[in-house]
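Everything on this sheet refers to the single structure shown next.
For the single chain, residues carry numbers from 1 onward in sequence order.
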Amino acid sequence: MDLMTMIMKMGDGLGKTCAIFFLTLLFSLPLGMIIALLGKCKIKVISSVTRFCISVLRGTPLMLQLIAVTYGPYYLFEVSVSRNKLIPVVVAFSINYAAYFAEIYRSGIESIPQGQYEAAQVLGYSKAQTFMKIILPQVIRVILPSATNEIVTLVKDTSMAFTVSYQEMFTIGKEIANSQTSFVPFIVAGVFYYVFNAIVSFIMSKVEKAMSYYSI
C-alpha cells in the first residue's frame, strides 16, 4: 500500500475521530456545568452523591468506562449492543470528560470574589441573572487555560476508541500497520493528531484573548 492510499484510508477514520471529539465537547461542557452546580448544592445528599460520582469517573480509566458503557448493558441486562458504536463511545467520553470539566468549573466559580455577588445584589440582579451575566463570563475566562488542556487531551484520547473496535483513525492505522508490518501508519497518525492539536490550541488562544475583557 502506497503512502497516499494509506493517508486516504486513514482520512476516512479522521472523520470519525472528529465526530468523537466534537460530540464529546457538545455534551460534556454543559453536563460538566450541571454536575458542578449539583456538587455545590446545599442539599447534602445531592452534593455528596455528585462528588462521589465525580470521584469514581476521575478515579477509573477511560478505557474501562468505554468497555463498561459499550458492553455492560449486554452482560448486565442482556440488552444487545448498539450496532452504531459511536453512541456508547460518545456517551462514555462525555460522562468522563464532564467529570473533569465539573471540577474545572467548580474551581473557576470558587475563584470569583464574594464582592461580585454582593455588587450584583445591590444592583438588583436575581441569582440567575448574577450567574449568567456576571459570574459565568468571568468563570469562562479563568478556566480557559485548564479547559484547553483537557480539550487537547481529548484529541489524543479519541484513540482509545480502538478498545471497543470503533473504526476511528488510530484503529484504522493500527490495522494497516499490522497488515503491512509497517510503522508508517503510526507516524501518519501522529502527524494527524499533532496538526489537530495545533489547530485546537490556536483557536483556544484566540478565544482566551477575546475573553480577556472579563478580568476579575
Which value, rounded to the nearest 0.5 Å, describes the distance between [X] atom [atom1] and [Y] atom [atom2]?
{"X": "Phe170", "Y": "Met160", "atom1": "CZ", "atom2": "CE", "result": "10.5 Å"}
{"X": "Gln121", "Y": "Gln129", "atom1": "CD", "atom2": "CD", "result": "12.5 Å"}
{"X": "Leu144", "Y": "Ser205", "atom1": "CG", "atom2": "OG", "result": "10.5 Å"}
{"X": "Ile54", "Y": "Glu103", "atom1": "CD1", "atom2": "CD", "result": "5.0 Å"}
{"X": "Phe21", "Y": "Leu14", "atom1": "CZ", "atom2": "CG", "result": "11.5 Å"}
{"X": "Leu38", "Y": "Ile43", "atom1": "CG", "atom2": "CD1", "result": "9.5 Å"}

For the backbone of [Y] and the side chain of [X], can you confirm whether one donor and one acceptor N or O come within less than 3.5 Å of each other?
{"X": "Arg106", "Y": "Ala36", "result": "no"}
{"X": "Ser159", "Y": "Lys156", "result": "yes"}
{"X": "Ser48", "Y": "Val45", "result": "no"}
{"X": "Thr70", "Y": "Ile67", "result": "no"}
{"X": "Thr171", "Y": "Tyr166", "result": "yes"}
{"X": "Ser146", "Y": "Ile104", "result": "no"}

- prompt: What do the steps show when you test Lys9 against Ile172 for side chain to side chain contact (heavy atoms under 4.5 Å, CB included), and what is the final call?
  reply: CA-CA 8 Å; Lys9 193 169 183 180; Ile172 294 175; 4.1 Å; yes
Please name the pair of heavy atoms, one in [X] and one in [Y], separated by the smallest distance, quoted to 0.1 Å.
{"X": "Gly32", "Y": "Phe101", "answer": "CA-CB, 4.4 Å"}
{"X": "Glu168", "Y": "Lys16", "answer": "CA-CB, 4.1 Å"}
{"X": "Ser47", "Y": "Gly39", "answer": "CB-O, 3.4 Å"}
{"X": "Ser28", "Y": "Ser94", "answer": "CB-O, 3.4 Å"}
{"X": "Ala120", "Y": "Thr130", "answer": "CB-OG1, 3.4 Å"}
{"X": "Pro137", "Y": "Met132", "answer": "CD-O, 3.5 Å"}

message: Between Ile109 and Leu37, is there a side-chain heavy-atom distance shorter than 4.5 Å?
response: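 Answer yes - side chains close enough.
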query: Where do Tyr193 and Thr158 land on the side chain to side chain contact (heavy atoms under 4.5 Å, CB included) test, with the steps shown first?
result: CA-CA 10 Å; Tyr193 286 119; Thr158 55; 3.8 Å; yes
task: Classify the ring geometry between Tyr97 and Phe93 as parallel (under 30°), tilted (30 to 60°) or perpendicular (over 60°).
output: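 Answer is parallel, since the angle falls under 30°.
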field: From CA spacing to verdict: side chain to side chain contact (heavy atoms under 4.5 Å, CB included), Tyr105, Leu136
entry: CA-CA 9 Å; Tyr105 284 132; Leu136 185 58; 5.7 Å; no
Answer with yes or no whether the hydrophobic clustering places [X] together with [Y]; edges join I, L, V, M, F, W, Y residues whose side-chain heavy atoms lie under 4.5 Å apart.
{"X": "Ile203", "Y": "Ile20", "result": "yes"}
{"X": "Leu31", "Y": "Ile143", "result": "no"}
{"X": "Ile95", "Y": "Ile35", "result": "no"}
{"X": "Tyr100", "Y": "Val91", "result": "no"}
{"X": "Ile134", "Y": "Val122", "result": "no"}

- request: Could you tell me whether the side chains of Thr153 and Glu150 share a donor-acceptor contact shorter than 3.5 Å?
  value: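 Judged by distance alone, the side chains do not pair up.
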Under 3.5 Å, sequence neighbours excluded: what are the donor-acceptor pairs made by side chains of residues 58-66?
{"unit_1": "Thr60", "atom_1": "OG1", "unit_2": "Val56", "atom_2": "O", "d": "2.8"}
{"unit_1": "Thr60", "atom_1": "OG1", "unit_2": "Gln65", "atom_2": "NE2", "d": "2.8"}
{"unit_1": "Gln65", "atom_1": "OE1", "unit_2": "Asn96", "atom_2": "ND2", "d": "3.0"}
{"unit_1": "Gln65", "atom_1": "NE2", "unit_2": "Leu57", "atom_2": "O", "d": "2.9"}
{"unit_1": "Gln65", "atom_1": "NE2", "unit_2": "Thr60", "atom_2": "O", "d": "3.1"}

field: Within 6.0 angstrom of Phe186 CZ, more than 12 heavy atoms from elsewhere
entry: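 Check passes, neighbour count above 12.
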query: Should the heavy atoms of other residues, nucleotides or ligands under 6.0 Å from CZ of Phe131 be counted, would the total exceed 12?
result: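 More than 12 heavy atoms, drawn from other residues, nucleotides or ligands, come within 6.0 Å of this atom.
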Side chain to side chain contact (heavy atoms under 4.5 Å, CB included) evaluation trace for Thr24 with Asp157: CA-CA 11 Å; Thr24 297; Asp157 277 354; over 6 Å; no
